[in-house]
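Proteins get letters first, then strands, A, B, ... in listed order; numbering begins at 1 in each. Side chains included, hydrogens not; waters and symmetry mates left out as well; all remaining heavy atoms used.
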Amino acid sequence: MDLDQLNKEQREAVVHTEGPLLIFAGAGSGKTRVLTHRIAYLIEEKGIYPSNILAITFTNKAAREMKERVDKLMDISASNMWISTFHSACAKILRMNIERLPEYKKNFVIFDSDDQEKIVKECLKELNYNEKNFPPRNVLSVISRAKDQMITAEKFMEKNMSDFKMRKFADIYKLYQDKLKKNNALDFDDMLLKTVELLAYNEDILKHYQDKFKYIMVDEYQDTNYCQYKLISLLARQHKNLCVVGDDDQCIYSWRGADIGNILNFEKDFSGAKVIKLEQNYRSTKTILDAANHVIKCNYGRKSKNLWTENGVGKSLIHYNGSDEREEADFITAEIERLGMEETREYRDFAVLYRTNAQSRIIEEMCMTRGIPYKIVGGFKFYDRKEVKDIIAYLRVIQNPTGDLSLKRIINVPKRGIGIASIEKLENHAKVAGDSIFDALLELEEIEGINAKAKKNMREFYRLIVELMAMSETLSIAELLKEVLERSGYLKELEDGEDEATESRADNIRELLSAAIEFEKKNEDRTLESFLEKLALMSDIDNLDSSKSALTMMTLHSAKGLEYPVVFIAGMEEGLFPSQRSYFEDKQMEEERRLMYVGITRAKEKLYLTSAFERTIYGHTTYTTVSQFVKEIPKDLITRI
DNA sequence: GGAGTTGGCGTGATG
DNA sequence: CGCCAACTCC
């Protein structure tokens, strides 16, 4: 194996295979390269079986890339090696073992944030709590933070007995969890939490995975939360061959429970850990790196490190301040066209980054006017669309008819004359009998107060589901999808619709169909279960394909791990970036600054910072001041326009 | 039971 | 500005 193309530190990190290893990898210092070489080294030089390696990444996209790069480095295939995200690794473990946890069944479903919100709303209704006092999103974030910390509903209750409001949160949490169980569902946080529980309480299962994963690697370690830390420590306890890679300066997810302490305390937690710092940057010009270093220096409590590069000085940064967001967008798009001509750059060389998704719209409009091809990462996702979720709900019910939430979603979609009142009566009956709604559909004679017409429609619906369930035994997913569309009347409803929205809805359904075909082509496990799981765990960034050349727009968060020759960071204004919400706490302000650091270091050759003197947000126009982050960059590195 | 309208409210980033 | 719950009307 050829290790000559690596620098001294990189090489050291590759060959240090035994015992705990912490790699501090600055932005653009070639950490993916180190990880892929390390995997190849383990297999080719050390004779380790691929199946004994576990590599955890942050996104599916990163996992896929890593797999491809490892494959390229080696002669043998790495197909039975686990290179995946935390969530899909946990999904895999749970599929095989979840029945060892009381109350969960093998065919569990994964609830996304939409499902979660619906469940919380149900809880509030039942508990008679006001949505104004307990906004579902707030409730969910409290629950989610608790789960990150591995605080169960019961523990949460104990902890918060004395606080009037928090006790109510505890009530909601408890009921929420009960409802998930009733739906045989796990939310994203549960996937991790339940895996840790499974391993912690079942010595034999733990032993099995400890023995299997003799070598463990974790990417983006700075963004792990307590639960993920726990999972990793459990698995690595046996062999202690744990290699984590991260950069404390790029910790940008503390709002969802990431604990920067995990990386800062690694040496304490894993005694005898070796620490290697990768400080040579191969990505950016001196000027860009200089700017990044100056900004991040304003943070306290960092591990000392200093990124340097042998790259050239490059071009000066540019700060453009337009009169309003329209002018800002105009400048960005004009500049992209100009550079396209003068420097013969392709559209794929550019990225526009921003703090909030809402900022994309005006830039998008301007791209359309100028005929610049673009793609937007994040924001409203394909699988969030109503019609797609409807059809997925059908699949979920077929796979697991006792999932009340999905069943309620489709029982009257398309309209089949089963109204809210009737559904409530049905649900009530189910509740009293301790059954699912699906079961209650068989006991219609016993239910009073539903009119005969509705009952008839319910019977027909029941028959439809049973029919589809039978078909699912033999049909492929794509074929099953077609039957669902046909027999449910969903397709007909779409065809009858006249407005232009129906056309795009039909398009989306076709898109789902081709996703199913694609899935069956690419995967060995073609079960409905695994298809649904794949959909649930997919994130938007995973779809980012670079086949056609287009400008990329996304949030600064989504941009982590990516790089572009020319980068624009838009909306460099106080209150927007840094966000208003971060003013109250130094810690949060520091996280904003790390986000800025991440943004700057995405750029290879040219970096633009743009702002607007006047900005309209949610209908309100306000005057702005230029972001403090711009001022933290030395003046001589920036040209003002 | 269902379609259409209104008024109030929140509006950061995600697997 | 866009969404959702609540309300009105058929």
Side-chain angles (χ1 to χ4, degrees), chain A residues 56-63 84-91 110-114 116-118 121 124-125 130-133 135-138 140-141 144-145 147-148 186-192 220 223-225 227-228 251-258 353-362 377-381 383-384 386 412-425 450-451 453-454 457 533-542 554-560 571 575-583 588 591-592 594-596 598-599 616-621:
Chain A
I56 299 281
T57 62
F58 208 65
T59 62
N60 294 311
K61 178 173 187 279
S84 64
T85 61
F86 270 107
H87 289 90
S88 35
C90 287
I110 300 165
F111 271 8
D112 64 17
S113 37
D114 216 62
Q116 290 179 284
E117 215 175 303
K118 280 192 177 152
K121 282 180 183 171
L124 293 173
K125 216 176 203 171
N130 194 324
E131 272 191 38
K132 306 268 153 17
N133 294 331
R137 279 161 184 283
N138 283 0
L140 275 172
S141 107
S144 181
R145 288 303 71 73
K147 288 185 175 180
D148 291 341
L186 303 183
D187 64 20
F188 286 125
D189 304 309
D190 280 343
M191 313 226 26
L192 301 161
E220 309 278 16
D223 282 321
T224 50
N225 61 36
C227 191
Q228 292 164 329
C251 176
I252 54 174
Y253 284 111
S254 68
W255 50 274
R256 64 172 210 216
L353 311 181
Y354 35 74
R355 183 64 178 81
T356 67
N357 276 311
Q359 286 168 258
S360 71
R361 218 190 62 209
I362 183 91
V377 178
F380 204 70
K381 298 180 195 75
Y383 295 100
D384 287 345
K386 184 186 166 298
N412 198 32
V413 176
K415 305 251 174 310
R416 41 175 80 90
I418 304 174
I420 299 166
S422 305
I423 296 175
E424 259 170 27
K425 292 205 182 86
I450 302 179
N451 70 40
K453 218 163 137 195
N457 294 333
E533 183 175 301
K534 175 131 185 160
L535 291 184
L537 294 180
M538 194 131 85
S539 77
D540 207 42
I541 188 120
D542 302 329
M554 65 190 137
T555 62
L556 288 144
H557 282 89
S558 298
K560 193 174 68 164
L576 185 59
F577 187 31
S579 155
Q580 195 81 57
R581 297 177 166 207
S582 55
Y583 282 114
Q588 290 199 36
E591 178 145 319
E592 293 285 308
R594 290 195 291 271
L595 194 55
M596 179 65 181
V598 168
T616 307
I617 302 173
Y618 307 119
H620 287 280
T621 306

A.B. asks: Nearest to the side chain of A/Arg361, which nucleotide is it out of C/dC1, B/dT14, B/dG15?
C.D. replies: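 Given the options C/dC1, B/dT14, B/dG15, the side chain of A/Arg361 is closest to C/dC1.
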
A.B. asks: Looking only at the side chain of A/Thr85 (C-beta and beyond, no hydrogens), which of the listed nucleotides B/dG12, B/dG15, B/dT14 gets closest?
C.D. replies: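 That would be B/dG15.
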
A.B. asks: Starting from C1' on B/dG15, measure out to NZ on A/Lys147 and report it in whole angstrom.
C.D. replies: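 To the nearest whole Å, that distance equals 14 Å.
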
A.B. asks: Determine the contact category for A/Asp189: base if any of its heavy atoms lies under 4.0 Å from a base atom, sugar-phosphate if only primed atoms, P, OP1 or OP2 are that close, otherwise nothing.
C.D. replies: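 Base contact - A/Asp189 has a heavy atom under 4.0 Å of at least one base atom.
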
A.B. asks: I'd like to check the salt bridge (Lys or Arg N to Asp or Glu O under 4.0 Å) partners of A/Asp223; sequence neighbours left out, ordered by chain and number.
C.D. replies: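 Counting only residues at least two positions away or on another chain, A/Asp223 forms a salt bridge (Lys or Arg N to Asp or Glu O under 4.0 Å) with A/Lys560.
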
A.B. asks: Can you tell me which nucleotide in B/dA13, B/dG15, B/dA3 comes closest to the side chain of A/His87?
C.D. replies: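 Closest of the options to the side chain of A/His87: B/dG15.
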
A.B. asks: Kindly give the heavy-atom pair with the smallest separation between A/Gly257 and A/Asp148, and that separation in Å.
C.D. replies: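 Heavy-atom minimum between the residues: CA-OD2, 3.4 Å.
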
A.B. asks: Tell me whether A/Trp255 is stacked on the nucleobase of B/dA13, counting only the six-membered base ring and applying the 5.5 Å and 30° thresholds.
C.D. replies: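 Here A/Trp255 meets both the 5.5 Å and the 30° conditions.
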
A.B. asks: In whole Å, I'd like the distance from the CG atom of A/Asp223 to the C1' atom of B/dG15.
C.D. replies: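 It works out to 12 Å between those atoms.
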
A.B. asks: Could you work out, with side-chain hydrogen bond (donor to acceptor under 3.5 Å, both in side chains) as the rule, every residue matching A/Gln228, not counting sequence neighbours?
C.D. replies: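 Testing A/Gln228 for side-chain hydrogen bond (donor to acceptor under 3.5 Å, both in side chains), a comparison that skips the adjacent residues, returns none.
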
A.B. asks: Quick one about A/Thr555 and A/Ser558 (side-chain donor to acceptor, distance below 3.5 Å, no hydrogens or angles considered), yes or no?
C.D. replies: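 Indeed, the side chains of A/Ser558 and A/Thr555 share at least one donor-acceptor pair under 3.5 Å.
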
A.B. asks: Tell me, please, which residues at least two apart from A/Arg581 pass salt bridge (Lys or Arg N to Asp or Glu O under 4.0 Å).
C.D. replies: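 Partners of A/Arg581 by the salt bridge (Lys or Arg N to Asp or Glu O under 4.0 Å) criterion come out as none, since no residue qualifies.
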
A.B. asks: Without decimals, in angstroms, what is the distance between A/Asp187 CG and B/dG15 C1'?
C.D. replies: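 One finds 11 Å between C1' of B/dG15 and CG of A/Asp187, rounded.
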
A.B. asks: Between A/Asn225 and A/Arg256, what is the shortest heavy-atom contact and its length?
C.D. replies: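 That would be ND2-O, 4.5 Å.
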
A.B. asks: Can you list everything that forms a ring pair (Phe, Tyr, Trp, His ring centres under 6.0 Å) with A/Phe86? Sequence neighbours excluded, please.
C.D. replies: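 In terms of ring pair (Phe, Tyr, Trp, His ring centres under 6.0 Å), with neighbours along the sequence ignored, A/Phe86 is linked to no residue.
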
A.B. asks: Does B/dG12 have OP1 or OP2 sitting under 4.0 Å from an N or O in the side chain of A/Thr555?
C.D. replies: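 No.
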
A.B. asks: Please tabulate, one pair per line, each protein N/O and nucleotide N/O from nucleotides 3-10 of chain C that are separated by under 3.5 Å, including the distance.
C.D. replies:
{"unit_1": "C/dA5", "atom_1": "OP1", "unit_2": "A/Lys121", "atom_2": "NZ", "d": "3.0"}

A.B. asks: Could you state the atom-to-atom distance from CZ of A/Arg355 to P of B/dT14 in whole Å?
C.D. replies: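 Between P of B/dT14 and CZ of A/Arg355: 10 Å.
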
A.B. asks: Can you list the residues that meet the side-chain contact (heavy atoms from CB on, under 4.5 Å) rule with A/Arg137, with sequence neighbours excluded?
C.D. replies: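 side-chain contact (heavy atoms from CB on, under 4.5 Å) list for A/Arg137, sorted by chain: A/Glu117.
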
A.B. asks: Ignoring the backbone of A/Asn412, work out which of B/dT14, B/dG12, B/dG2 is nearest its side chain.
C.D. replies: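 Of the candidates, B/dG2 comes closest.
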
A.B. asks: Just to be sure I understand the rule, does A/Glu592 reach a base, reach only the sugar-phosphate, or reach nothing, if contact means heavy atoms closer than 4.0 Å?
C.D. replies: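 A/Glu592: base contact, heavy atoms under 4.0 Å.
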
A.B. asks: Measure from the side chain of A/Ala421, starting at C-beta and using heavy atoms only, and say which of B/dA13, B/dA3, B/dG1 lies closest.
C.D. replies: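 My answer, after comparing the listed nucleotides, is B/dG1.
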
A.B. asks: Using a 4.0 Å heavy-atom cut-off across all strands, classify A/Ile418 as base, sugar-phosphate, or nothing.
C.D. replies: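 It contacts sugar-phosphate atoms only.
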
A.B. asks: Roughly, in whole Å, what's the span from NZ in A/Lys61 to P in B/dG15?
C.D. replies: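 Rounded to the whole Å, the gap is 12 Å.
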
A.B. asks: Which is more 5' along DNA chain B, the nucleotide nearest A/Tyr253 or the one nearest A/Ala454? Just name the residue.
C.D. replies: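 This one resolves to A/Ala454.
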
A.B. asks: Let's see if you can work this out: which of B/dG1, B/dG12, B/dT14 has an atom nearest to the side-chain heavy atoms of A/Asn451?
C.D. replies: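 Ranking B/dG1, B/dG12, B/dT14 by closest atom to the A/Asn451 side chain puts B/dG1 first.
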
A.B. asks: Mind checking if A/Lys415 touches a base, just sugar-phosphate, or nothing, with heavy atoms under 4.0 Å?
C.D. replies: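 Result for A/Lys415 = sugar-phosphate.
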
A.B. asks: Looking at residues at least two apart in the chain, or sitting in another chain, which of them share a side-chain hydrogen bond (donor to acceptor under 3.5 Å, both in side chains) with A/Ser84?
C.D. replies: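 Counting only residues at least two positions away or on another chain, A/Ser84 forms no side-chain hydrogen bond (donor to acceptor under 3.5 Å, both in side chains).
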
A.B. asks: Taking atom C1' of C/dG2 as reference, at what distance in whole Å does atom CG of A/Asn357 sit?
C.D. replies: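 The answer, rounded to whole Å, is 15 Å.
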
A.B. asks: Whole-Å distance between B/dT14 C1' and A/Ile252 CD1?
C.D. replies: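 Taking CD1 of A/Ile252 and C1' of B/dT14, I get 10 Å after rounding.
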
A.B. asks: Could you list all N or O pairs between the protein and nucleotides 4-11 of chain B that sit under 3.5 Å apart?
C.D. replies:
none

A.B. asks: Applying side-chain contact (heavy atoms from CB on, under 4.5 Å), name anything that partners A/Thr85, two or more places apart in sequence or on another chain.
C.D. replies: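 Testing A/Thr85 for side-chain contact (heavy atoms from CB on, under 4.5 Å), a comparison that skips the adjacent residues, returns A/Thr57, A/Asn60, A/His87, A/Ser88.
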
A.B. asks: Scan A/Ser422 against the nucleic acid and name what it touches under 4.0 Å (heavy atoms): base, sugar-phosphate only, or nothing.
C.D. replies: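 Sugar-phosphate contact only - A/Ser422 comes under 4.0 Å of backbone atoms but never of a base.
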
A.B. asks: In whole angstrom, what separates A/Tyr583's OH from B/dG12's P?
C.D. replies: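 That distance rounds to 15 Å.
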
